[in-house]
Number of protein chains: 2
Amino acid sequence: MKELIAKYKEQGFRLTPQRLAILEYMDGNTSHPSAEDIYKHIKAAYPTVSFATVYNTLQALKDKGEILEITIDPQKKHYDPNPKPHHHIICMGCNKIGDIFEDYSEALRLPHHIVSEFKPVANHINFYGICKYCQKKQKRRN
Amino acid sequence: MKELIAKYKEQGFRLTPQRLAILEYMDGNTSHPSAEDIYKHIKAAYPTVSFATVYNTLQALKDKGEILEITIDPQKKHYDPNPKPHHHIICMGCNKIGDIFEDYSEALRLPHHIVSEFKPVANHINFYGICKYCQKKQKRRN
DNA sequence: TATTAGATTAGAATTATTCTAATCTATATA
DNA sequence: TATATAGATTAGAATAATTCTAATCTAATA
Ligand SMILES: [Mn+2]
Ligand SMILES: [Mn+2]
Ligand SMILES: [Zn+2]
Ligand SMILES: [Zn+2]
């Protein structure tokens with residue numbers, strides 16, 4: 001975290017209290033928060049913070065490659081402070097997102113006709129499932 | 001297509017001209033249109049068609065398992081008349097989406113700690129790349 | 001301490017999607 | 001074929017996520 005801050009300063013990334021709060025909230029956070037989750041959290045300490053700041057900061061961090069934007073929840077984007085390529089599983093009940101650090105890249109060979117149409121850059125596997133909590137909820141309903 | 005219509009009638013799925021137009025447009029369509037793409041196309045033949053009808057019909061077809069909703073473009077949902085599980089590659093330049101029918105399921109084993117937290121239901125691989133057209137465009141810029 | 005490029009803010013705008021409630025119609029049945 | 005009606009369509013409002021704007025503020029530098 002301190003190294004992070006030093007690194008950002010070097011890069012001329014101005015460190016404002018709002019940005020520090022966002023960085024602190026994200027640091028090591030494995031909950032894959034949405035912009036709103038982040039906004040609400042930061043707002044507790046900085047009541048005048050705006051969504052624009054949250055989105056601007058997320059965009060800046062994304063551009064730097066420090067966070068990932070996750071496209072798995074059809075409702076909204078989620079953000080991941082772990083930029084190391086990995087995969088996700090989302091609960092179809094409550095949208096909770098889990099990390100999957102398995103490396104499947106060897107197996108994900110693309111067919112030739114695709115490679116001749118697209119230059120592949122990255123890949124990301126979305127697993128869909130039901131979390132333990134939602135499994136219980138389902139049973140209760142039956 | 002005719003079988004499709006027969007099948008829907010059996011199921012009590014009322015066949016309106018708007019729905020037929022949507023079905024015809026989707027049938028065999030590999031372009032992964034968005035709701036707006038579909039709306040614009042249908043509107044040419046049925047100028048009073050509404051977005052609500054497009055979304056309602058897509059929802060109904062999704063519920064029947066006849067189409068897939070694709071979460072790969074962070075901007076909007078795309079729809080796929082091919083409900084057979086398969087994967088996609090999206091061009092990071094123009095958002096064009098291609099099909100990948102490779103079967104990777106054997107390789108996509110989840111680690112135990114995930115399986116004990118989530119009951120897996122499905123998976124979908126998003127490949128990201130640059131299509132030929134956008135590759136050319138990039139070169140032109142250099 | 002003064003300067004200023006860049007950041008923050010409130011609120012408006014935009015975009016995708018869903019909702020509402022009035023009207024219409026595909027289908028079943030007499 | 002005419003009628004009844006459950007279900008579909010519609011225009012437009014509402015909602016939700018995200019982006020934009022332009023006025024104000026401030027972190028970093030000198
Ligand atoms: Mn993650
Ligand atoms: Mn497809
Ligand atoms: Zn859940
Ligand atoms: Zn392209």
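Heavy atoms only: backbone and side chains are in, while hydrogens, waters and symmetry mates are out. Every chain is numbered from 1 and lettered A, B, ... according to where its sequence line falls, protein lines coming before strand lines.
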**Prompt:** Between the side chains of A:K119 and B:Q135, does any donor sit under 3.5 Å from an acceptor?
**Reply:** no

**Message:** When you compare the side chains of B:H88 and B:D99, does any donor N or O come within less than 3.5 Å of an acceptor on the partner?
**Reply:** yes

**Message:** With hydrogens left out and only the distance checked, is there a donor-acceptor pair under 3.5 Å joining A:R14's side chain and the base of C:dA5?
**Reply:** yes

Can you check whether [X] has a side-chain N or O nearer than 4.0 Å to OP1 or OP2 of [N]?
X     : N      : result
A:T16 : C:dT8  : yes
A:Y55 : D:dT19 : no
B:K77 : C:dT18 : yes
A:T53 : C:dT9  : yes

Donor-acceptor pair, distance only, cut-off 3.5 Å: does the side chain of [X] make one with the backbone of [Y]?
X      : Y      : value
A:D37  : A:S34  : yes
A:H78  : A:H32  : yes
B:Y104 : A:R109 : yes
B:R19  : B:T57  : no
B:E102 : A:L110 : no

**Request:** Compare the minimum distances between each of D:dA28, D:dT18, C:dT9 and the side chain of A:Q18, then state the nucleotide with the smallest one.
**Result:** C:dT9

**Message:** Let's see if you can work this out: which of C:dT8, D:dT9, D:dT10 has an atom nearest to the side-chain heavy atoms of A:R19?
**Reply:** C:dT8

**Asked** To 10°, what angle do the rotation axes through the five end pairs on each side of the helix from C:dT1-D:dA30 to C:dA30-D:dT1 form?
**Response** 30°

**Message:** Any base atoms under 4.0 Å from B:S50, or only sugar-phosphate, or nothing? Heavy atoms, all strands.
**Reply:** base

Rounded off to whole Å, could you give me the [atom1]-to-[atom2] distance for the [X] and [N] pair?
X     : N      : atom1 : atom2 : result
B:N56 : D:dT10 : CG    : C1'   : 10 Å
B:L15 : D:dA8  : CG    : C1'   : 12 Å
A:L58 : D:dA17 : CG    : C1'   : 13 Å
B:E36 : C:dT15 : CD    : C1'   : 9 Å
A:H78 : D:dA16 : NE2   : C1'   : 13 Å
B:Y39 : C:dT17 : OH    : P     : 14 Å
A:L20 : C:dA7  : CG    : C1'   : 13 Å
A:Y46 : D:dA27 : OH    : C1'   : 14 Å

**Asked** Pick the nucleotide of DNA chain C nearest each of B:Y79 and A:K43; which residue has the one closer to the 5' end?
**Response** A:K43

**Request:** Using heavy atoms to find the nearest nucleotide of DNA chain D for A:Q75 and B:P17 separately, return the residue whose nucleotide is more 5′.
**Result:** B:P17

**Prompt:** Does atom NZ of B:K64 have more than 12 heavy-atom neighbours from other groups under 6.0 Å away?
**Reply:** yes

